[in-house]
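Take a look at the structure set out below.
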Amino acid sequence: MNKIKIQNNYKEKISYINKLNKFYYDKNKPLVSDREYDDLKSEILKLESKYKFLKSRTSPSQNVGYKPSKNFKKILHRAPMLSLANAFSEDDLINFEKKILNFISKEKDFKLFYSVEPKIDGISASLNYKNGEFKSGLSRGDGKEGEDITNNLATIKDIPKKISFKDFPEDIDIRGEVFIQNSDFEKLKEKFANPRNAASGSLRQKNPEDTKKIPLKFIAYTFGFEKGLKLKKQSDYLKKLSEWGFKINPLNRIIYGVKNLIENYNAVEQRRANLDFDIDGIVYKIDDFALQKRLGNVANAPRWAVAHKFSSSKAISKIEAIEIQIGRTGALTPVAKIKPINIGGVIVSNATLHNEDEINRKDIRVGDTVTVERAGDVIPHILSVDKNKRPKESIKFAFPEKCPSCGSKTIREFNKVTKKNDAVRRCSSEDYKCEKISIEKLKHFVSKEAFNIDGLGKKIVEGFWKLKLIQFPQDIFKLDYNKIEKLEGWGRLSVENLQYSINQKKNISLERLIYSLGIRHIGLENAKLLSKHFISFSKFKSLSIQSDYEDLLNIDGIGETQVNSIKSFFSNKMNIRVLNELEKILIIKNAVQNSDNGLLKNKTFLVTGKLNGISRAEVKSLIEENSGKTISSVSKKLNFLIIGEKPTKKKVDYAKQLKIKVIDQAEFLKMLNKSS
Ligand code: IVH
């Protein structure tokens with residue numbers, strides 16, 4: 001096997017093991033047996049020791065987050081570990097309280113006192129103490145049966161190993177949450193999606209030494225089985241826990257009345273981003289143990305407690321900075337850097353601010369307390385600003401008038417089509433003069449849908465640019481590999497691999513090449529249309545000398561916006577130089593030419609209205625396959641107007657006026673010797 005094959009085989013194994021990890025940790029759905037997993041892992045380790053050049057940041061040899069043994073002993077909880085019912089609104093809380101009052105036959109004005117405790121988003125554990133000694137610890141498991149993770153729990157400093165207070169019960173299961181602090185998670189964020197996953201992964205390591213590497217914390221809040229606990233209230237129990245040497249939550253409170261609960265909930269939600277532990281809601285427990293006992297449980301949750309959850313799509317945080325990102329088309333996009341906050345399991349630290357108008361409309365400023373929304377896969381954005389929380393010294397955000405990268409003037413172009421000023425402000429520099437734009441253009445050039453150069457990712461492009469190894473697209477094909485080999489992180493093999501994949505990509509289709517140029521408004525689809533139209537690179541390039549741009553409007557799908565953008569691309573000398581250089585280096589495949597002697601040769605068509613059982617796209621490709629052309633408007637150049645259901649009257653009238661043949665679907669298909 002050659003080196004590239006070895007490396008590809010290794011990479012495949014790494015990506016597969018990471019997929020298995022993901023399913024195991026994040027989704028709790030193991031895809032393979034333990035045996036299969038262990039075999040794969042040892043194959044990877046063997047490969048690494050045989051071939052020293054194999055390295056991966058996500059290899060099990062580098063990672064403490066790899067699969068723990070699932071062979072922990074299962075042990076029955078002496079009292080089940082229950083879950084909690086959820087509440088999301090004030091109404092839910094009113095109902096919760098009403099049900100309790102009904103159950104215990106009390107009037108509406110009866111004061112129910114709650115132990116109010118932030119709900120830490122971690123992993124619950126049950127610790128057994130006999131005569132003050134930590135004996136064993138279980139995970140929650142399915143609530144009835146947990147895993148014996150005693151040795152791993154024993155590595156946690158917050159868990160007292162010996163308690164010598166006289167009033168400490170002779171036998172008790174102390175329960176609480178194992179979690180990782182946000183500040184500690186910072187160092188692990190590459191490996192885990194959120195602090196909860198990090199805690200869960202490390203708590204269930206096979207080897208307690210691996211657990212020890214991660215700074216886990218423990219906060220106590222309840223108990224299971226007990227013998228000798230002489231207390232009347234949850235709040236007293238929490239106080240005692242602290243006296244006995246356990247950590248308890250500093251935000252625990254005793255509160256009565258739904259209104260006060262809501263007030264506290266809002267206040268804690270405001271502080272959430274500043275806490276060093278992740279909370280996903282607040283737990284309310286009836287404080288009085290006797291009342292708890294009377295109320296009992298429903299199914300697997302107590303009737304006397306509820307978890308008031310925070311929204312899983314919104315959270316409050318603070319804007320620490322507003323950064324301006326520059327895209328490959330020069331667009332300046334403002335991004336809010338916010339204090340990291342967990343929104344529905346994902347740590348969010350950036351929110352898009354869209355554009356200048358959006359910042360002005362909402363008057364968004366650095367230092368503002370804001371509500372951030374993260375819905376689905378959409379980039380998080382700012383929903384609203386809490387102006388009451390605005391610091392006195394705050395100043396209005398001034399959108400840069402000069403490009404932060406190259407200092408050129410920034411402009412908001414007048415859009416001839418919409419007759420409005422563009423919402424986006426752009427750097428006005430000529431192509432390849434602005435550092436940020438150039439880098440972004442190069443990243444686009446090598447991206448998946450463009451040249452798709454393996455081993456030349458975004459970070460490497462940035463690095464090469466800074467070292468002046470690449471400045472223009474053509475430089476990618478003239479890299480100084482000797483120089484690269486001497487750079488840190490590079491070796492002979494990786495350089496050979498890079499050279500190999502770059503050389504391989506010298507063969508390129510016209511449509512990919514057009515796309516990779518990053519012409520504004522020319523995405524994949526438009527690049528395809530242009531390549532079909534021009535067929536060869538030289539014809540495409542001739543746009544720089546001949547200026548029949550109007551003709552491009554006849555390509556269905558290409559409008560004035562695209563044509564203007566193509567025009568401005570070709571009016572730039574630097575772009576022409578890039579094209580000339582690329583032409584020298586690359587082998588550009590012509591677009592597949594449709595038969596040029598088909599039934600519809602030299603005929604142009606336009607469709608108006610809905611056709612029956614055949615899509616516009618299909619008609620278009622039928623026409624093209626038969627050497628015809630589709631155009632986008634009625635003009636003297638049009639030969640046939642095909643009308644379907646509800647055609648545009650204006651088009652039909654104009655076509656008739658120009659004496660253009662108006663045909664229906666059947667007539668069109670007949671021209672192709674097809675029946676409808
Ligand atoms: S009490 C019967 N108190 O929330 C009461 N749970 O859905 C059961 N949690 O598995 C637990 N903070 O992991 C309780 N102060 C707190 C809590 C808390 C977090 C978690 C715990 C439990 C889940 C219940």
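Note: hydrogens, waters and symmetry copies are ignored here, and every other heavy atom, side chains too, is used.
For K339, the salt bridge (charged side-chain N to carboxylate O under 4.0 Å, His left out) criterion is met by no residue, not counting sequence neighbours. Listed by chain and number, the residues in a salt bridge (charged side-chain N to carboxylate O under 4.0 Å, His left out) with K11 amount to none (sequence neighbours excluded).
Using a 3.5 Å distance cut-off with no hydrogens or angles, the side chains of E177 and S124 do not pair a donor with an acceptor. Judged purely by distance below 3.5 Å, without hydrogens or angles, the side chains of N182 and D276 never pair a donor atom with an acceptor atom. Between T222 and R175, the side chains place no donor N or O within less than 3.5 Å of an acceptor N or O (distance only, hydrogens not considered). Between the side chains of D171 and N128, at least one donor-acceptor pair of N or O atoms lies under 3.5 Å. For W244 and D167, the side-chain atoms include at least one donor-acceptor pair closer than 3.5 Å. A donor-acceptor contact closer than 3.5 angstrom links the side chains of E373 and H381. Between the side chains of Y114 and E97, at least one donor N or O sits under 3.5 Å from an acceptor N or O. Under 3.5 Å, the side chains of N342 and N194 contain no donor-acceptor pair of N or O atoms. Under 3.5 Å, the side chains of S115 and E117 contain a donor-acceptor pair of N or O atoms.
The aromatic ring centres of Y129 and F246 sit less than 6.0 Å apart. Taking the six-membered ring wherever Trp is involved, the centroid distance between the rings of F310 and Y265 falls below 6.0 Å. Annotation: F53 is not in aromatic contact with W490 [ring centroid separation under 6.0 Å not met].
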TODO: Step by step, work out the ring-ring contact (aromatic ring centres under 6.0 Å, His included) result for F223 and F289.
DONE: CA-CA 12 Å; F223 56 87; F289 282 156; 5.7 Å; yes
Open item on the list: Between L47 and K50, is the side-chain contact (heavy atoms from CB on, under 4.5 Å) condition met? List the steps.
Closed with: CA-CA 5 Å; L47 277 174; K50 188 166 172 198; 5.8 Å; no
Task: Residue pair L487, L467: steps toward the side-chain contact (heavy atoms from CB on, under 4.5 Å) verdict - done: CA-CA 10 Å; L487 299 175; L467 293 167; 3.7 Å; yes
Task: side-chain contact (heavy atoms from CB on, under 4.5 Å) evaluation trace for I282 with K119 - done: CA-CA 5 Å; I282 303 184; K119 186 171 181 298; 5.9 Å; no
Task: Worked verdict on D278 versus F179 for side-chain contact (heavy atoms from CB on, under 4.5 Å) - done: CA-CA 8 Å; D278 248 359; F179 64 100; over 6 Å; no
Task: salt bridge (charged side-chain N to carboxylate O under 4.0 Å, His left out) assessment of K389 paired with D386 - done: CA-CA 6 Å; K389 294 245 151 49; D386 185 348; 3.7 Å; yes
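Residues P391 and G367 come closest through the heavy atom pair CD-O, 3.6 Å. Shortest non-hydrogen contact noted between K314 and S311 is N-OG, 3.0 Å. Here the shortest heavy-atom pairing between A85 and V306 reads O-CG2, 3.4 Å. Closest approach of V348 to I338, counting heavy atoms only: O-CD1, 3.8 Å. Shortest non-hydrogen contact noted between I174 and A220 is CG2-CB, 3.9 Å. Here the shortest heavy-atom pairing between E462 and K443 reads OE2-NZ, 2.7 Å.
Distance check: R272 CZ to I316 CD1 gives 9.0 Å after rounding to the nearest 0.5 Å. One finds the CH2 atom of W304 at 11.5 Å from the CG atom of L291 (value rounded to the nearest 0.5 Å). Note that CD of E170 is 4.0 Å distant from NZ of K227, once rounded to the nearest 0.5 Å. The distance from atom CG of L353 to atom CD1 of I359, rounded to the nearest 0.5 Å, is 4.5 Å. With rounding to the nearest 0.5 Å, the separation of CG in L493 from OH in Y51 is 11.5 Å. Taking CG from N9 and CD1 from I44, the interatomic distance works out to 9.5 Å, rounded to the nearest 0.5 Å.
Using a distance-only test at 3.5 Å, with no hydrogens or angles considered, a donor-acceptor pair links the side chain of N152 to the main chain of L203. Checking side-chain atoms of N18 against main-chain N and O of S15 turns up no donor-acceptor pair under 3.5 Å. Without hydrogens or angle criteria, E48 side chain to K55 main chain gives no donor-acceptor distance under 3.5 Å. Side-chain atoms of S136 never come within 3.5 Å of backbone atoms of T150 as a donor-acceptor pair (strictly under, hydrogens ignored). Judged purely by atom type and a 3.5 angstrom limit, K362 uses its side chain to pair as donor or acceptor with the backbone of I382. The closest donor-acceptor contact from the side chain of Q205 to the backbone of P208 lies at 3.5 Å or more, if one exists at all. Between the side chain of H354 and the backbone N or O of V335, no donor-acceptor pair lies under 3.5 Å. Here the side chain of D368 pairs no donor or acceptor atom with the backbone of V370 at under 3.5 angstrom. Judged by distance alone, the side chain of H308 and the main-chain N or O of L93 form no donor-acceptor pair under 3.5 Å. At least one donor-acceptor pair closer than 3.5 Å links the side chain of R374 to the backbone N or O of I343.
More than 12 heavy-atom neighbours from other residues, nucleotides or ligands sit within 6.0 angstrom of NZ on K161.
Residue pairs meeting the ring pair (Phe, Tyr, Trp, His ring centres under 6.0 Å) criterion with at least one partner in residues 198-217, sequence neighbours excluded, are absent.
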